[in-house]
Amino acid sequence: MQSSNINASTSASPRYALIDFLDVGGTMTISQEIANLTEDSGQDLPEENVQIGSIQGTVVGLRYYTGTVNRGEMVSLVRQPQNPYDRNAVMVANVFGSQVGHIKKELAAPMAYIMDNNLARVEGVVPYGEKNTFSMPVNLTFWGREENREAVHNQMRCHGFRLGTEFKGGTTQTSVGRDLLGLSSKISAIPLTEEELKNAFDKLFDDLMEDKTREMEPAEAVCTSLLPHQKQALSWMTSRENSNDLPPFWEEKHGLYFNVLTNFAIKERPEKVLGGILADDMGLGKTLTTIALIVSNFHNGKPLPLEQCEGSSMSSTCRKKSTSKDHEPVSLSQLKRLHADGVTADIIEEDVPQKKAKTTANPAKKPADTKKGTLTSGFYSQEWFCWMMWTLLPLWSALPLRLGLQKRVRRRVLNKGNSPLHKVSWLRVVLDEGHVIRNPNALQSKAVLELQSERRWILSGTPIQNSLKDLFMLLSFLKLKPFDVKEWWNRIIQRPVTMGDRVGLKNLQALVKGITLRRTKNSKVAGRTLVQLPERRVFVQHVILSEEEREEYEQVRREGRKIVDRYFEEGTVMTNYADVLAILVRLRQHCCHPSLVGKYTRADDPGTPSELRERLINKITLVLNSGSDEECAICLDSLRQPVITYCAHVYCRPCICEVIRSEKEQARCPLCRAPIKTKELVEYPGEEMEAGPATGENCRSSSKVDALMSNLLKLRNEDPTVKSLVVSQFTRFMDLIEVPLREYGFSFTRLDGSMAQKTRAKAIQDFQDSSPGSPTIMLLSLKAGGVGLNLTAASHVFMMDPAWNPAAEDQCVDRCHRLGQSRDVVITKFIVKDSVEENMVKIQKKKQELVDKAFGVKKPQDLKQARIDEIRALMEI
DNA sequence: ACCGCCGGGTGCC
DNA sequence: ACCGCCGGGTGCC
């Protein structure tokens, strides 16, 4: 190709980020459990959605602002405490955030009080007068907790206003939404029953594939051939990226742009929404399809120009592959080298736009083009990404190498606003396993929303995990206006739908359909299911404890019960939830192997009262030994020099000390905002503990280990080539299992969260190797068995201990029960009889039923009660 | 007239 | 704003 082509393509901002959130879906860590608890106490709970009253007010100052509204359109009310003319000022803004005016000051006074004290949220609708020059009426509705009703009414009365229930004359109804079904208003006024709503939710993401069946061939550089459904996805994704159409639900009408869902109109053409949600079921090849998209759809629908690679340490490889017809895959060692001296270096060394690449391994090719902040010179991280992925295609099993990169990216992204990733105008940002951004409070979610990009994709098999709320962040990331702002999402979709509003539900369905492609393994293309996987059978094997084990178990249970009983008496179960979980972990560990339960040595610490210290050490020990590779919430890496704060959150010592150093006296815990001090950090006693049970005790077996071994020996007798995964949540349990594996001469590998990427990749490669003498067993920590991992060499899975989250187990099994698996997969779950494990299984089932029943409409008090009931059931109280 | 009334200037918060 | 409000001009009928 001529150099002019290179110019054209490079100046067109060739950038990608494929951001992988790998640690999803694994076991829940204790802190995650707690985070989930608090997550549910958000402000949009039904109990806070009581209508307190309504009143008509006045919007003034219209002539000073550009924001306009339509008849019946919603407006938002925003406090302006810093307003120099009136500290009670309440600003009125339209759906697009443009200011329309202010609330008249007499009314703003009581409103300010109510809003500032969180007595109620106020929502506005303009009933008429939208064309007025100076002021317009606004119907204000106050929403809040029942207990604040009196206070709100009083405050309004003090200022001479009386809140009513209805607006006289005119419509209370906003003109939001089109009656898509053509239902008469009578029918649509009948709210949906809970049952109907549940059904609708179940089906919300069912087979969103009609009209999306056109296939597209990927660019030549994609060496793996795509399945028909993948070609369809590629075609759909390409059309979503290249479309010059208005974003979903927008229409042009006499020079104005209307949103058919909301009836909102604006003069300016709404920004394009290029991208969407690829929500295919696990194992259908979402990532592969996306990589095909990256390679096939660059600018103007043309493939990525491979010549860009020229001059880099990778160029020879890339060019050879792209020009010659035989797409011989690069070797693993080549990839490793690239990983080591190319990409990693680029990302670490802040290669920022407008600057030349400094990395010696990647000499800059052209001077930087500083226009529009785009980046043309040298080999910056983003180009490296696409090259890495391209070269990886024929070598799909080398995926973990790529994943190693993603972790760095994730950490980078978190360095909010300041990260090199935030300074780049990306062509495309893809969130692999994008549902993890569903918590809007999480730093990673906030950071990801800040990324500048032309095209955005979310890949997720489970776009909605718990409730409708989960969808909000996804729309927010996709910048699908106005749903990227919480208030509008709540008012237009979430509240109407949870209150059973039919039009709201129709709108939601249209919304999802317009931006989502989803197929399941059972979806049919031309009468055939997409993926024909071998069978998958699950057996539960009950394990009976030996007399000695039973005695020990009962003792631990009695001790735990004593503590939990006390919490119940005090009514402090929820405040001591972490403690209760800790006790449960001990019991679960006992079911696996008695010596799993850590004992700690008490060291003197003059700074901390011994009782507190004991409790804290207890907690940190459990966190670290839960087998779930707890991360430090600051650096997001595995914990190094772990310490626990008085508020019971665990961080790396250097990380938390840095926080305290920079914030000084104001230092607060990043997770709970409790004040923290350096001298109030309690260390993990560490090594002595690890060494503790390593002697003598380890030689002892356990009933569960025995049960596993007899299974493994039987299998080996029947067929010595059969490979198995042995999965546990406790890495130290895996240590203990290694002993008899060696004793019986099994060749095995191991994969857990603490392993470096290099050893990880090696372990996977060894295991997947089918040559004689290769390992037949892989010890796999549940957490490490995350998305993307390919372990199809195994046809047997032994789940050593039940997880709280059955989905995590399923996902782990999917590592081997996926494309490429030729044998039937047999899953054996070991459950200790008459133990906390049996109770866990019962709760898992019950929980599933509950979730099915109350999807999206669960009440928080029920949830809290459910947790307490769970604890009761687990502890048999 | 320390008022009323008139009519011009003016205008969110 | 085809309003309200302000403050200056003005003043019997």
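To find a chain, count down the sequence lines: A is the first, B the second, and so on, and within it residues start at 1.
- Comparing B:dC2 with C:dC13, their C1' atoms are spaced 25 Å from each other, to the whole Å.
- Of all nucleotides present, only C:dG11 satisfies the Watson-Crick or G-U wobble test against B:dC3, with each distance under 3.5 Å.
- Atom pair A:Arg79:CZ and B:dC12:C1' shows a separation of 15 Å (rounding to whole Å applied).
- For B:dC13, the base has no donor-acceptor partner in the side chain of A:Tyr64 [N/O atoms by modelled type, under 3.5 angstrom].
- Residues from residues 100-119 of chain A that place a heavy atom under 4.0 Å from any atom of DNA chain B, listed by number: A:His102, A:Ile103, A:Lys104, A:Lys105.
- Stacking between A:Phe134 and B:dG11 is absent: the aromatic ring centre is not both under 5.5 angstrom from the base six-membered ring centre and within 30 degrees in plane angle.
- Screening residues 103-115 of chain A for side chain to side chain donor-acceptor pair (under 3.5 Å) gives no qualifying pairs among residues at least two apart or on separate chains.
- Nucleotides B:dC6 and B:dA1 have their C1' atoms positioned 15 Å apart, rounded to a whole Å.
- Between the side chain of A:Asn83 and the base of B:dC13, at least one donor-acceptor pair of N or O atoms lies under 3.5 Å.
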- prompt: Is there a salt bridge (charged side-chain N to carboxylate O under 4.0 Å, His left out) between A:Lys446 and A:Glu450 once you walk through the steps?
  reply: CA-CA 7 Å; A:Lys446 289 176 188 167; A:Glu450 301 286 315; over 6 Å; no
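- In terms of the side-chain contact (heavy atoms from CB on, under 4.5 Å) criterion, residue partners of A:Ala108 (sequence neighbours excluded) are, by chain and number, A:Val90, A:Ile103.
- Scanning for side-chain hydrogen bond (donor to acceptor under 3.5 Å, both in side chains) contacts around A:Thr193 gives A:Glu196, with sequence neighbours left out.
- Residues that satisfy the side-chain hydrogen bond (donor to acceptor under 3.5 Å, both in side chains) test with A:Gln452, not counting sequence neighbours, are absent from this structure.
- Dashed line: the shortest gap from a side-chain N or O of A:Arg63 to OP1 or OP2 of B:dG11 is not under 4.0 Å.
- Rounded to whole Å, the distance from CG on A:Asn132 to C1' on C:dA1 is 11 Å.
- Residues passing the side-chain contact (heavy atoms from CB on, under 4.5 Å) test with A:Leu256, sequence neighbours excluded: A:Phe258, A:Lys267.
- At whole-Å resolution of the value, CG in A:Leu62 and C1' in B:dC12 are 9 Å apart.
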